[in-house]
Amino acid sequence: MPQAPPSILFEDPDLLVVVKPAGLATANVPRGEASLLTRLRELLESDRRGAATASDTAFLGVVSRLDQPVSGVVVLARSPEAAAALSAQFRERTVEKTYHALVEGRFPGPIGETLTWTDLLERPPTGSAGNAAPQSPQEAVVEARLLARGVEVSLVELRPATGRRHQLRVQLGSRKCPIVGDRMYGSRLPFSCGIALHSSVLSIDHPSTGQRLSFRSPWPASWPQAARGLVLPNLAASS
């Protein structure tokens, strides 16, 4: 399936909130490869080519990331001040994040009950080969709730309190219910693009006004078929 382009949910002088398609890295890719950041810069420059100044696109700061195979809401900062304020919100855990996942296997809980999982995740060592320094494990906390159970897959809602690398993928895979398409963590079922993990809702405080804002991303086109008959909740885009 061709990769969908990123779409803009919200834009003002401080914020740019977008939907990242699965299969596209957020940032920090080798020269010449596309990322969400490079695509957005191209998109903004094209939209504002006739603007009086170029200052609108001079700064675009990544303050939240999604793994390359994951889709959904990502927020970027439009100024250094906004980047600092947003980064503080992520650091202080005032940002609310909701993900949905289609998982294989038997989810370890009844439908509708919220479970809190707290795990220690290993971190890769730092330093050059032969001189790598071991890193202490990081605590990973998430609230998980089974929304629907099917014959082959189940629909799970996830609200992480921490943002560790591959956190949700590891936590689900270690409980024998890997995310559909996530072969790295035990999935056997195919998925058309990326994996069936979607950042569906992101809530932040506006860095200038302090107003609480919530952004929702609709389901990617690949999800209804992958759900195999499960009813997906309404995720119509709104802020």
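Values below: all heavy atoms of this structure, side chains included; hydrogens, waters and symmetry mates excluded.
Atom CG of residue Leu9 and atom CG of residue Leu16 lie 9.0 Å apart, to the nearest 0.5 angstrom. To the nearest 0.5 Å, atom CZ of residue Arg159 and atom CZ of residue Arg145 are 7.0 Å apart. Between the CD atom of Glu11 and the CZ atom of Arg78 there is a distance of 5.0 Å, given to the nearest 0.5 Å. Atom NZ of residue Lys20 and atom OG of residue Ser64 lie 11.0 Å apart, to the nearest 0.5 angstrom. For the atom pair Gln89 CD and His206 NE2, the distance stands at 10.5 Å (nearest 0.5 Å). Atom CG in Asp182 sits 14.0 Å away from atom CZ in Arg188 (nearest 0.5 Å).
With contacts defined as side-chain heavy-atom distances shorter than 4.5 Å, the pair Pro108/Cys177 qualifies. At least one side-chain heavy atom of Leu15 sits less than 4.5 Å from a side-chain heavy atom of Leu213. Side-chain contact between Glu104 and Val180: present, with at least one pair of heavy atoms (C-beta onward) separated by less than 4.5 Å. Side-chain atoms of Arg93 and Thr162, non-hydrogen and from C-beta on, do get closer than 4.5 Å to each other. Considering only heavy atoms from C-beta on, Ile195 stays 4.5 Å or farther from Pro178 through its side chain. At a threshold of 4.5 Å between non-hydrogen side-chain atoms, the residues Val62 and Leu36 do not count as touching.
For Ser87 (side chain) and Ala83 (main-chain N/O), a donor-acceptor pair under 3.5 Å exists by modelled atom type. Judged by distance alone, with hydrogens and angles left aside, the side-chain atoms of Ser200 form a donor-acceptor pair with the main-chain N or O of Thr98 at under 3.5 Å. With hydrogens and angles ignored, the 3.5 Å screen pairs a side-chain donor or acceptor of Thr26 with a backbone N or O of Leu66. Without hydrogens or angle criteria, Lys176 side chain to Arg106 main chain gives no donor-acceptor distance under 3.5 Å. Side chain of Glu152 to backbone of Arg228: no donor-acceptor contact under 3.5 angstrom is found. Judged by distance alone, the side chain of Ser35 and the main-chain N or O of Ala27 form no donor-acceptor pair under 3.5 Å. In this structure a side-chain-to-backbone donor-acceptor pair under 3.5 Å is present from Arg164 to Glu139.
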Start with the C-alpha distance between Gln171 and Leu158, add both sets of side-chain angles, then the distance that settles side-chain contact (heavy atoms from CB on, under 4.5 Å), and finish with yes or no.
-> CA-CA 11 Å; Gln171 290 185 292; Leu158 303 155; over 6 Å; no
Check against side-chain contact (heavy atoms from CB on, under 4.5 Å), Thr209 and Asp14 | CA-CA 10 Å; Thr209 68; Asp14 294 300; over 6 Å; no
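Hydrophobic clustering of Ile, Leu, Val, Met, Phe, Trp and Tyr side chains at less than 4.5 Å, counting indirect connections, unites Leu232 with Leu147. Taken together through direct or relayed side-chain contacts under 4.5 Å among Ile, Leu, Val, Met, Phe, Trp and Tyr, Met184 and Ile179 form parts of separate hydrophobic clusters. Cluster annotation: Leu202 and Phe10 are assigned to the same hydrophobic cluster (Ile/Leu/Val/Met/Phe/Trp/Tyr, side-chain heavy-atom contacts under 4.5 Å, transitive). Linking Ile, Leu, Val, Met, Phe, Trp and Tyr whenever their side-chain heavy atoms come within less than 4.5 Å leaves Leu168 and Leu120 in two separate clusters. Follow the hydrophobic side-chain contacts under 4.5 Å out from Ile8 and you never reach Val201; the two are in separate clusters.
Annotation for Pro233 and His100: closest pair CG-NE2, 4.3 Å, computed over non-hydrogen atoms. Minimum heavy-atom separation, Pro224 to Ala221: CD-O, 3.4 Å. Of all the heavy atoms in Leu146 and Ser154, the pair that sits closest is CD1-CB, 3.6 Å. In terms of heavy-atom proximity, Ala22 sits nearest to Pro69 at CB-O, 3.5 Å. Smallest separation of non-hydrogen atoms from Val29 and Ala25: CG1-CB, 3.5 Å. Nearest heavy atom pair, residue Ala82 against residue Ala77, reads C-CB, 3.9 Å.
Sorted by first then second residue, the side-chain hydrogen bond (donor to acceptor under 3.5 Å, both in side chains) pairs that include residues 66-76, not counting sequence neighbours, are Asp67-Arg169, Ser71-His198.
Under the 30°/60° scheme for interplanar angles, the aromatic rings of Trp117 and Phe107 are found to be tilted. Between Trp223 and Phe191, the angle of the ring planes goes over 60°, which puts this pair in the perpendicular group of the 30/60° scheme.
The number of heavy atoms from other shown groups lying within 6.0 Å of CD (Gln225) does not exceed 12.
A donor-acceptor contact closer than 3.5 angstrom is absent between the side chains of Thr114 and Glu143.
When Leu172, Val142, Asp119 are each tested for a side-chain contact (heavy atoms from CB on, under 4.5 Å) with Gln167, only one passes: Val142. Remark: of the listed residues Val95, Val74, Ile204, Leu86, Leu86 is the sole one forming a side-chain contact (heavy atoms from CB on, under 4.5 Å) with Val63.
Every residue meeting the salt bridge (charged side-chain N to carboxylate O under 4.0 Å, His left out) condition with Asp205, not counting sequence neighbours, appears here in chain and number order: Arg212.
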